[in-house]
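These values consider heavy atoms only, across backbone and side chains, with no hydrogens, waters or symmetry-generated copies.
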Protein chains: 2
Amino acid sequence: MPTDTKRGRKMPSNYFLNLAKTRKTTYEFSDKKVKQSDIKKILEAARWAPSCSNVQPWQFIVVKNKERISELMKTAFYGAFHTNPPIIIAIVLVNECWKDSEHRCDLDSKLGIYEGFLCIGMSALNMILEAQELGIASALLSPHQNIIKTLRGRKGDFIPLMVAFGYEKKKAFQKKRERKELKKLVSGEYFGRKMKL
Amino acid sequence: MPTDTKRGRKMPSNYFLNLAKTRKTTYEFSDKKVKQSDIKKILEAARWAPSCSNVQPWQFIVVKNKERISELMKTAFYGAFHTNPPIIIAIVLVNECWKDSEHRCDLDSKLGIYEGFLCIGMSALNMILEAQELGIASALLSPHQNIIKTLRGRKGDFIPLMVAFGYEKKKAFQKKRERKELKKLVSGEYFGRKMKL
């Protein structure tokens, strides 16, 4: 069981697993704003995400302007299922750090597009988990690349994800949270070989 | 500050942020094995990762056989920098769930390759954070796709990542952990516009 060393007291052993299992997509946000100090913590978690060869191929654009948020939500696949959040953080895969070629790991200090996307996924997940710890609701959104124009990205920048943050409205729409069974997802030693769990 | 509802006691507010910031790559593993119950928790965290349209495009192959691990480490970019771990979990982007085309979000129940990689990154991160909570060391490794043959994947399967788990050797090689400064990573409202943090 991990110990919170600063205070020297025991922590429940399933804290993270519980955080990971209870994270969910929020579809309807209230008007309540997110504190600047919390935004900073969310960005801090993103910054410390792992990346291939520690390239850290990301930049983060924090958007609070209502009109711009409205415009961004229109670029999102299934964006119409969501109400507008009070804040969006768009994650930029910056042109200095990737090349649109196949699988490659840090050639000429640039990642391939595949590794780039792996990294962006990890920084996004760190953000939403940190938000959840702070009691802040979130939604991951995939944008059309006309988002680049809205956010004044440069040639070669790519914005694979944007993350909406805020607080869930009362009686908000809620999807059933479900996952495939573990035993259908796991093999032992090689693909398709059953493994006792 | 979040409350651990089961026990009704207060949790330190920065537990997750601390977990995210202290996660690191382990280069040298001891021979100590990872308990089966811990492997199950790690897989459970992976299973609950977010994915685009909840497609859950993954399968997990748990490898413990020493010869196979040795072979897998040879497929990894920079694998030679690591000693062999006692266990590897390879994440398969399964052929039923993706198509090798550009950005697309769940067309015909298949993700595009970009979304596929985003999802794989998130399941991997959930695994290594859960491992860290359990005191288990890890390393993310990018394999060459000849790994598919070693793990008997099917046509169209892709293995973007494998994750090594175990316990760090005493006096193991350690890279300096560093990240770009937050102020150099964050813009407000649009790309390149400075934002006070």
Side-chain angles (χ1 to χ4, degrees), chain A residues 2 4 7 11-12 15-17 19-21 23 40-41 43-45 47-48 50 52 56 58-63 65 68 77 92 103 105 114-115 117-122 125-126 129-130 133 135 140 142 145 151-154 160-161 179-180 182 185-192 195 197, chain B residues 2 4 7 11-12 15-17 19-21 23 40-41 43-45 47-48 50 52 56 58-63 65 68 77 92 103 105 114-115 117-122 125-126 129-130 133 135 140 142 145 151-154 160-161 179-180 182 185-192 195 197:
Chain A
D4 175 16
R7 307 177 197 212
M11 301 282 294
Y15 181 84
F16 175 74
L17 192 55
L19 202 71
K21 287 175 84 163
R23 181 223 60 94
K40 196 173 170 184
K41 283 185 182 177
L43 291 164
E44 192 64 11
R47 180 170 84 97
W48 279 96
C52 303
Q56 309 164 61
W58 42 57
Q59 290 267 345
F60 308 99
I61 306 174
V62 180
V63 181
N65 178 282
R68 192 171 283 110
F77 284 90
V92 187
H103 196 63
C105 205
Y114 295 173
E115 287 88 4
F117 273 73
L118 281 174
C119 299
I120 298 299
M122 294 196 284
L125 184 56
N126 257 6
L129 289 169
E130 173 59 18
E133 169 154 287
L140 290 164
S142 290
Q145 288 309 299
L151 294 180
R152 305 189 195 174
R154 303 153 306 163
L161 274 181
R179 292 293 187 276
K180 296 171 188 170
L182 197 54
L185 293 176
V186 179
S187 314
E189 299 302 332
Y190 50 81
F191 191 88
M195 180 193 160
L197 280 165
Chain B
D4 174 17
R7 306 175 198 214
M11 299 283 293
Y15 181 84
F16 175 74
L17 191 56
L19 201 70
K21 288 175 85 164
R23 180 222 62 93
K40 196 174 169 182
K41 283 185 181 177
L43 291 165
E44 192 63 13
R47 181 170 84 97
W48 279 96
C52 303
Q56 307 163 62
W58 42 57
Q59 290 266 346
F60 308 100
I61 306 174
V62 179
V63 180
N65 177 282
R68 193 171 284 111
F77 283 90
V92 187
H103 196 63
C105 205
Y114 295 174
E115 287 89 2
F117 273 72
L118 281 175
C119 299
I120 297 300
M122 294 195 285
L125 184 56
N126 258 5
L129 290 170
E130 173 59 18
E133 170 154 286
L140 290 164
S142 290
Q145 287 309 299
L151 295 179
R152 306 191 195 174
R154 303 153 307 165
L161 274 181
R179 291 293 186 277
K180 295 170 189 171
L182 197 54
L185 293 175
V186 178
S187 314
E189 297 304 331
Y190 51 82
F191 191 89
M195 180 193 160
L197 281 166

Can you say whether A:M122 sits under 4.5 Å from chain B via the side chain, the backbone, both, or neither, judging by heavy atoms? both

Residue, of A:L43, A:N65, A:N126, that accumulates the most heavy atom pairs under 4.5 Å with chain B: A:N126

Region of B:R68 that comes under 4.5 Å of a non-hydrogen atom in chain A: side chain

So which part of A:L140 gets closer than 4.5 Å to some heavy atom of chain B, the side chain, the backbone, both or neither? side chain

Turns out that what part of B:V92 lies under 4.5 Å from chain A's heavy atoms comes down to side chain

Could you grab the distance from atom CG of A:L197 to atom CG of A:L182, nearest 0.5 Å is fine? 5.0 Å

Go through B:K21, B:M195, B:K40 and name the one with the most non-hydrogen pairs under 4.5 angstrom from chain A. B:K21

Chi angles and distances behind the side chain to side chain contact (heavy atoms under 4.5 Å, CB included) call for B:L129, A:L125: CA-CA 11 Å; B:L129 290 170; A:L125 184 56; 5.7 Å; no

Under a 4.5 Å cutoff for heavy-atom pairs, which residue among B:F60, B:W58, B:F191 has the most contacts with chain A? B:F191

Looking at B:G121, B:G153, B:G188, B:G135, which has the largest count of heavy-atom pairs under 4.5 Å with chain A? B:G121

Is a salt bridge present between A:R47 and A:E44, judged by a nitrogen-to-oxygen distance below 4.0 Å? yes

Does any part of the side chain of B:S142, heavy atoms only, come nearer than 4.5 Å to the side chain of B:L161, both counted from C-beta? yes

Could you tell me which portion of B:L17 (side chain, backbone, both or neither) has an atom closer than 4.5 angstrom to a non-hydrogen atom of chain A? both

Counting heavy-atom pairs under 4.5 angstrom with chain B, the leader among A:K180, A:K41, A:R179, A:Q59 is A:R179

Toward chain B, the part of A:L19 with a non-hydrogen atom under 4.5 Å: side chain

Name the region of A:R152, side chain, backbone, both or neither, that has any atom closer than 4.5 Å to a heavy atom of chain B. both

Is A:R23 in contact with chain B via its backbone, its side chain, both, or neither, using a 4.5 Å heavy-atom distance? side chain

